[in-house]
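Chain identifiers are assigned alphabetically (A, B, ...) following the order of the sequence lines, protein sequences preceding nucleic acid strands; residue numbering begins at 1 within each chain.
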Amino acid sequence: MRKGLIFGFAALAAVSTGALFNTNSAKAAGEAIALPQLEWSFEGMFGTYDRASLQRGLQVYREVCSGCHSLDYIAFRNLADLGYSEDEIKAMAAEVSVVDGPNDEGEMFEREGRPSDYFPAPFPNPQAAAFANGGAIPPDLSLMAKARADGPNYLHALMIGYVDPPADFELAEGSNYNAYFPGHQIAMAAPLFEDAVEYADGTPATVDQMATDLAHFFMWTAEPKLEERKGMGIKVLIFLLVFCGVLYAAKRKVWADVH
Amino acid sequence: MSGFQSNNAVIKWVEHRMPIFSFLDHSVGSGYPSPRNLSYLWNFGSLAGITLVIMILTGILLAMQYTAHVDYAFESVERIMRDVNYGWLIRYIHMNGGSFFFIVVYIHIFRGLYYGSYKAPRELLWMLGVVILLLMMATAFMGYVLPWGQMSFWGAKVITNLFSAVPIFGEQIVVWLWGGFTVDNPTLNRFFALHYLMPFIIVGVVILHIWALHRFGSNNPIGIDTKGPQDSIPFHPYYTVKDAFGLGVFLLVLAAVVFYAPNYMGHPDNYIPANPLSTPAHIVPEWYFLPFYAILRSIPDKLMGVIAMFGSIAILFVLPWLDRSPVRSGRFRPLFRLFFVLFMVDAVVLGYAGSQPAEGAWLRIAQVATAYYFIHFLVILPLLSVFETPKPLPTSISEPVLKGGGGSMAGAPAKPMEKA
């Protein structure tokens with residue numbers, strides 16, 4: 001009977017978690033159509049980022065997205081995670097110019113970017129961003145993969161979601177139809193088209209390929225410690241499993257004379 | 001303080017001047033007799049205490065890196081996640097630890113509800129527990145505001161706005177809570193100060209809770225008092241080792257979530273910086289508030305909704321006087337058991353309804369579930385104490401526990417306990 005009750009509590013907990021999960025998926029389903037589910041290398045207990053995909057995603061961001069979208073939480077030094085060498089990072093940082101100062105004479109000055117600098121934002125302030133984009137502010141993309149339900153799949157779907165609207169769909173002035181955007185009307189025009197970039201590693205730059213690489217890259221910008229986390233998790237779980245075994249044995253031994 | 005002996009000279013020297021070792025021995029040591037039949041459901045008390053310690057430790061570490069200012073709060077949390085050594089680990093433990101604290105405490109409460117742990121002579125112990133629950137809720141709410149994401153901001157706005165329902169002074173109270181005319185920097189600052197302070201108040205009430213517990217000791221699955229030494233075993237080593245094993249299992253589950261699904265219980269919108277000009281499509285609180293949120297929204301009148309929400313917890317204070325059945329454990333109360341299961345289902349239904357937009361069928365369901373919540377306490381429990389015929393109680397704890405106890409149990413007087 002006691003076991004039955006413990007089981008009851010466990011079942012209650014399971015039902016509650018299940019309800020929670022259903023809530024999330026129901027919410028996602030209520031706002032948009034089901035997203036195409038991709039297989040990501042960073043999923044699962046042993047998940048890691050695909051360095052080649054990350055580098056391709058960075059390339060698409062720099063050549064396409066960065067014209068309008070900032071990436072505030074990423075510094076050039078962070079690109080070491082993507083497999084770039086120190087010299088490559090220095091060279092990439094040097095391509096941008098940064099306003100620094102004031103110097104000893106009290107003046108602000110421009111200098112070459114350094115690895116410790118953060119990615120420059122395309123607009124100096126939100127007002128400028130809104131003015132240049134017909135009133136819509138392009139959001140910062142650093143955390144986008146965590147700020148949307150089913151983030152990586154959503155970002156991929158959004159990039160490939162620019163299709164012709166259904167015949168009876170009334171599109172508001174200045175917006176674009178997107179199959180996966182909540183409400184289907186998005187201010188951003190289709191950013192990707194076939195061969196929008198020429199991949200350094202020779203991968204054919206299809207829209208789907210670029211969308212996948214971008215979503216992969218944005219998962220990294222949102223969760224740069226994912227590999228460290230999952231790697232440590234395995235060790236912690238193995239330790240705790242063994243530890244629980246030892247504690248259970250101790251419990252059995254101590255309680256032997258009571259039962 | 002009898003019974004405590006040590007041959008260690010240092011311990012004896014200290015003990016003579018300040019009897020702290022015998023105090024510990026009587027609190028969690030071999031000098032604290034506990035019922036011998038406690039199930040694993042009795043692990044959740046000490047587990048809650050340990051979770052509180054985990055939350056305080058990780059919280060202090062986070063506070064060293066966090067900036068309580070509307071312009072920097074979100075950024076400082078991201079800095080913790082990216083640039084502080086193991087900051088991601090500490091933050092994910094703290095963030096999920098909050099949820100696990102509520103899981104543990106809710107199981108602890110439901111255990112008390114089922115086994116009648118709130119009944120005489122443990123009413124005060126139970127009421128102190130309800131105070132802890134209230135303090136936890138306030139602390140968790142203010143903690144959720146600190147990262148200054150969209151849900152932080154709008155959650156704070158919705159909850160603080162509840163006080164505007166107070167007649168006459170409502171608006172003034174809200175302005176006073178905010179420290180301004182909207183949720184802004186003064187609000188964030190005071191929430192941080194209070195979020196840091198309140199865990200220590202909780203520690204204080206926990207000490208009172210344990211003090212009250214030690215007056216009569218733990219209740220047990222049978223719900224009858226210990227009648228002699230054959231019914232009890234020393235807390236140490238029996239329950240220390242059992243609690244340690246339970247802690248191990250708890251840490252295993254916590255680690256699985258922290259390392260492999262750290263954002264599962266969170267809301268994606270809280271990774272968007274707070275924006276007072278853009279309201280999220282659905283403002284939902286953290287999962288552990290959902291049943292209460294459902295009660296709040298199920299009543300059309302704002303003031304009545306607020307009263308019902310606070311009433312749903314306040315009613316627990318008087319529970320010992322609503323359920324007047326002299327039998328503690330639900331094990332011997334067939335009808336109570338049935339209604340207890342219904343009540344658990346009701347709580348889950350309320351939680352789910354709270355996560356849905358308050359309209360249509362779910363609003364209707366939430367209203368029925370809210371009504372049932374109060375009916376359970378105000379009608380069903382009082383009536384059950386009058387009309388239910390409990391099963392015969394064993395004469396002592398050791399009888400059914402000891403091997404061969406089944407035989408002597410049949411010989412026990414098979415009369416239902418008289419109503420007091």
Heavy-atom distance under 4.5 Å between the side chains of A/K251 and B/D243, does that happen here? no
Counting only heavy atoms closer than 4.5 Å, note whether A/V236 contacts chain B via side chain, backbone, both or neither. side chain
Heavy atoms of B/A256 and A/L237 approach each other most closely as N-CD2, 3.9 Å
For B/G248 against A/C244, the heavy-atom pair lying closest together: C-SG, 3.2 Å
For A/M45 and B/F259, run side chain to side chain contact (heavy atoms under 4.5 Å, CB included): C-alpha distance rounded to whole Å, both residues' side-chain angles, the deciding distance at 0.1 Å, then the answer. CA-CA 9 Å; A/M45 284 190 88; B/F259 288 105; over 6 Å; no
Does some side-chain heavy atom of B/L252 sit less than 4.5 Å from a side-chain heavy atom of A/F243? no
Using the side chain to side chain donor-acceptor pair (under 3.5 Å) rule, take A/D257 and B/Y238 through it: C-alpha gap first, then chi angles, then the decisive distance, then the call. CA-CA 10 Å; A/D257 59 335; B/Y238 293 103; 3.0 Å; yes
Verdict with supporting geometry, B/N270 and A/K146, side chain to side chain contact (heavy atoms under 4.5 Å, CB included): CA-CA 9 Å; B/N270 228 27; A/K146 286 201 290 188; over 6 Å; no
Indicate the atoms forming the closest heavy-atom contact of B/R36 with A/V258, along with that distance. NH2-O, 3.4 Å
Examine distances only and state if a side-chain atom of B/Y260 and a backbone atom of A/K230 form a donor-acceptor pair shorter than 3.5 Å. yes
Write down the atom of B/I272, the atom of A/R148, and the distance for their closest heavy-atom approach. CD1-NH1, 3.4 Å
Using the ring of each side chain (for Trp, its six-membered ring), is A/W255 parallel, tilted or perpendicular to B/Y239, with breaks at 30° and 60°? perpendicular
What part of B/Q150 lies closer than 4.5 angstrom to a heavy atom of chain A: side chain, backbone, both or neither? neither
In terms of heavy-atom proximity below 4.5 Å to chain B, should A/A222 be classed as side chain, backbone, both, or neither? backbone
Give, for atom CD1 of A/I137 and atom CG of B/N275, the distance between the pair rounded to the nearest 0.5 Å. 8.0 Å
Given a strict heavy-atom distance threshold of 4.5 Å, which part of B/L89 is in contact with chain A: side chain, backbone, both, or neither? side chain
Testing the basics here: between A/R77 and B/D83, what is the closest heavy-atom pair and its distance to 0.1 Å? NH2-OD2, 3.3 Å
Turns out that what part of A/L226 lies under 4.5 Å from chain B's heavy atoms comes down to neither
In short, B/P262 meets A/R229 closest at the heavy-atom pair CD-NH1, 3.4 Å
Any non-hydrogen side-chain atom of B/M81 less than 4.5 Å from a side-chain atom of A/Y73? no
Is B/V341 close to chain A through its backbone or its side chain, or both, or neither, when contacts mean heavy atoms under 4.5 Å? neither
Does atom CZ (A/R252) have a neighbourhood of more than 12 heavy atoms from anything else shown, all under 6.0 Å? no
